[in-house]
Number of protein chains: 2
Amino acid sequence: MIINKNITRLLRYRNSLKRMQELGFETVYSYNLGKETGVSPEQVRKDFSQFGIKGRKKGGYKINELLLTISDIFRKDEIQRVIVVGAGNIGNAILQYKGFEKYMIEIVAAFDINPVKYKKRQEIPVYPIEKLSAVVQELDVKTAIITVPERVAQEAANLIIAAGIKGILNFAPTILKSPPHVTISNICIGHELESLIYHSLYLEDESK
Amino acid sequence: MIINKNITRLLRYRNSLKRMQELGFETVYSYNLGKETGVSPEQVRKDFSQFGIKGRKKGGYKINELLLTISDIFRKDEIQRVIVVGAGNIGNAILQYKGFEKYMIEIVAAFDINPVKYKKRQEIPVYPIEKLSAVVQELDVKTAIITVPERVAQEAANLIIAAGIKGILNFAPTILKSPPHVTISNICIGHELESLIYHSLYLEDESK
DNA sequence: TAGATTGTTAATCGATTAACAATC
DNA sequence: TAGATTGTTAATCGATTAACAATC
């Protein structure tokens with residue numbers, strides 16, 4: 001299953017809208033919001049209409065209503081629990097990151113095969129991988145972040161899918177094989193960098 | 001400027017091909033490679049043909065030739081230098097990550113406004129932001145990773161673009177305004193997680 | 001040869017953009 | 001009212017997939 005682009009855009013709209021709200025604005029037009037988020041006004045209106053969001057002709061959209069509706073769409077009334085599989089560099093950075101709270105996301109535990117990394121006393125505990133299934137079921141976790149090395153990524157995915165995980169954010173540069181009810185999103189920092197470098201080489205050649 | 005999808009796929013092909021090579025395979029068919037990377041065989045052939053890569057009818061593609069050609073496309077004969085702007089959680093994780101070497105990518109320096117973070121003695125130095133322009137010009141850096149907080153991301157972008165950076169990997173959840181000769185790639189871990197959570201909620205509803 | 005695979009052209013699909021009536 | 005903005009339908013665009021001739 002693939003992530004819809006309009007979902008991603010909705011999250012970007014929310015970001016801009018929050019900023020606008022903080023600046024004291026109450027109303028926004030598709031034109032403004034589009035400009036702010038790098039999207040065409042038509043696209044903004046279409047996205048909104050697709051999610052049943054209504055504006056007022058000539059009057060634009062009320063920012064606070066928009067934010068409430070978007071929150072509603074993402075069910076932001078309850079905290080979503082997430083686990084991290086692999087407590088290496090990226091895994092640890094995610095564990096230390098404080099910014100998820102405002103998204104109503106809570107990293108509840110991490111798992112690793114290396115006993116050196118086990119830490120049950122700190123705020124977010126790091127458990128041996130064997131405990132994964134139990135924790136996932138006990139805390140009813142549906143989402144996981146995989147930050148293990150490439151060669152064990154598929155293995156990790158199989159394990160967490162068996163434990164009942166429905167959404168995986170995968171940092172390994174592998175396409176994970178998974179059943180259709182599991183949604184996977186891939187982030188590969190190395191590939192992103194290489195693409196960027198490729199494009200700058202290419203643009204240089206075209207000298208434009 | 002936007003990143004082409006076929007570039008990303010090419011990098012995925014390379015990954016799979018390397019693995020296959022390590023396993024002792026010498027030849028691959030579009031069907032195999034497609035299956036391995038989650039891409040249709042037609043897509044594989046089309047991508048290859050677009051980059052001028054030729055196979056042999058009935059004979060498939062030679063893995064080592066493919067790898068050499070892909071390396072060539074990405075100019076992997078010389079090391080590409082990259083800087084990190086913002087030495088917080090994610091920034092530091094990237095500084096510590098050892099996996100870029102095999103991509104011929106070298107993180108040469110990081111920059112921060114917080115003096116506590118300055119470390120000139122370690123392998124990858126962390127400088128005050130004021131030194132950015134000088135370092136970028138001296139080392140002829142074309143690519144940067146932005147890991148600063150959202151509210152200063154645009155400011156950071158302006159600074160590095162002025163210094164001559166052509167490609168930006170942006171971790172802040174903002175669409176950066178930039179001139180057309182600059183390529184920007186956005187990674188927002190928070191949004192990715194929220195999208196995943198949204199999809200798992202939605203799939204649950206559909207109970208499929 | 002017969003069967004399999006490439007390489008390319010045409011068809012399809014989905015997403016974005018343009019156009020414009022509705023209306024405040 | 002006139003001008004501006006929404007909401008939706010139609011047109012366009014690009015990317016993916018299907019089809020199939022070429023050929024090993």
Side-chain angles (χ1 to χ4, degrees), chain A residues 1-13 16-17 20 25-67 69-70 73 175 183 185-186 195 198-199 202, chain B residues 1-13 16-17 20 25-67 69-70 73 175 183 185-186 195 198-199 202:
Chain A
M1 217 247 186
I2 308 288
I3 297 271
N4 288 105
K5 277 200 174 172
N6 47 5
I7 297 288
T8 318
R9 279 199 302 267
L10 217 53
L11 292 167
R12 291 208 173 276
Y13 298 152
S16 275
L17 290 167
M20 290 173 182
F25 292 99
E26 291 185 353
T27 311
V28 73
Y29 303 110
S30 59
Y31 174 79
N32 307 145
L33 189 56
K35 190 159 191 192
E36 204 57 32
T37 51
V39 168
S40 72
E42 299 86 356
Q43 187 70 267
V44 172
R45 296 203 296 274
K46 191 144 210 180
D47 285 339
F48 283 175
S49 114
Q50 207 154 104
F51 285 100
I53 297 174
K54 296 276 173 192
R56 281 149 307 129
K57 314 233 171 193
K58 179 132 195 257
Y61 304 84
K62 292 230 159 179
I63 292 179
N64 60 352
E65 279 178 21
L66 278 177
L67 282 169
T69 315
I70 296 178
I73 291 169
I175 299 292
T183 311
S185 187
N186 295 294
S195 297
Y198 172 82
H199 278 87
Y202 176 79
Chain B
M1 216 247 184
I2 307 290
I3 298 270
N4 289 105
K5 277 200 174 172
N6 48 4
I7 297 289
T8 317
R9 279 199 301 268
L10 217 53
L11 291 167
R12 293 208 172 274
Y13 298 152
S16 273
L17 290 166
M20 290 173 182
F25 292 100
E26 292 184 353
T27 310
V28 73
Y29 303 110
S30 57
Y31 173 80
N32 306 145
L33 189 55
K35 188 158 192 193
E36 203 57 32
T37 51
V39 169
S40 73
E42 298 88 354
Q43 187 69 269
V44 172
R45 298 203 296 276
K46 191 144 212 183
D47 285 338
F48 283 175
S49 116
Q50 207 153 106
F51 285 99
I53 298 173
K54 298 273 172 194
R56 282 148 306 130
K57 314 232 171 195
K58 179 134 197 255
Y61 303 84
K62 292 229 160 181
I63 290 178
N64 59 353
E65 281 178 18
L66 278 178
L67 282 170
T69 315
I70 296 178
I73 291 169
I175 299 293
T183 311
S185 189
N186 295 295
S195 297
Y198 172 82
H199 278 86
Y202 176 79

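By convention in this document, chain letters (A, B, ...) are assigned in the order of the sequence lines, proteins followed by strands, and residues within each chain are numbered from 1.
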> In Å and rounded to the nearest 0.5 Å, what is the CG to OG1 distance from A:N6 to A:T8?
Replying inline: 7.5 Å
>> At a heavy-atom distance below 4.0 Å, what parts of residues 25-33 of chain A sit against DNA chain D?
In response: A:Y29, A:S30
> Closest heavy-atom contact between B:T27 and B:G59?
Replying inline: CG2-O, 3.2 Å
> Which atom names give the shortest non-hydrogen contact between A:I175 and B:E36, and what distance separates them?
Replying inline: CB-O, 4.4 Å
> For A:S195 and B:I7, which heavy atoms make the closest approach, and how far apart are they?
Replying inline: OG-CG2, 3.7 Å
> Pairs in or reaching into residues 37-60 of chain A: which pass salt bridge (Lys or Arg N to Asp or Glu O under 4.0 Å), with residues at least two apart or in two chains?
Replying inline: A:R9-A:D47
> In Å, rounded to the nearest 0.5 Å, how long is the span from CG of B:N4 to OG1 of B:T183?
Replying inline: 10.0 Å
> Considering residues at least two apart in sequence or located in another chain, which fulfil the ring-ring contact (aromatic ring centres under 6.0 Å, His included) criterion with A:Y13?
Replying inline: A:F48
> Is there a residue in residues 41-63 of chain A whose heavy atoms reach under 4.0 Å of DNA chain D, and which residues are they?
Replying inline: A:R45, A:K46, A:S49, A:K54, A:G55, A:R56, A:K57, A:K58, A:G60, A:Y61
> Measuring from B:R12:CZ to A:N186:CG, what's the distance to the nearest 0.5 Å?
Replying inline: 4.5 Å
> What are the two closest heavy atoms between A:V44 and A:L33, and how far apart are they?
Replying inline: CG1-CD2, 4.0 Å
>> Reading DNA chain D in the 5' to 3' direction, which nucleotide is the first one with an atom under 4.0 Å from a heavy atom of chain A, and which is the last?
In response: D:dG3 to D:dA10
> Which distance, rounded to the nearest 0.5 Å, do you find between the CD1 of B:I73 and the CZ of B:F51?
Replying inline: 5.5 Å
>> Can you list every stem that DNA chain D is part of, counting only runs of 3 or more consecutive Watson-Crick or G-U wobble pairs with both distances under 3.5 Å?
In response: C:3-24 with D:3-24
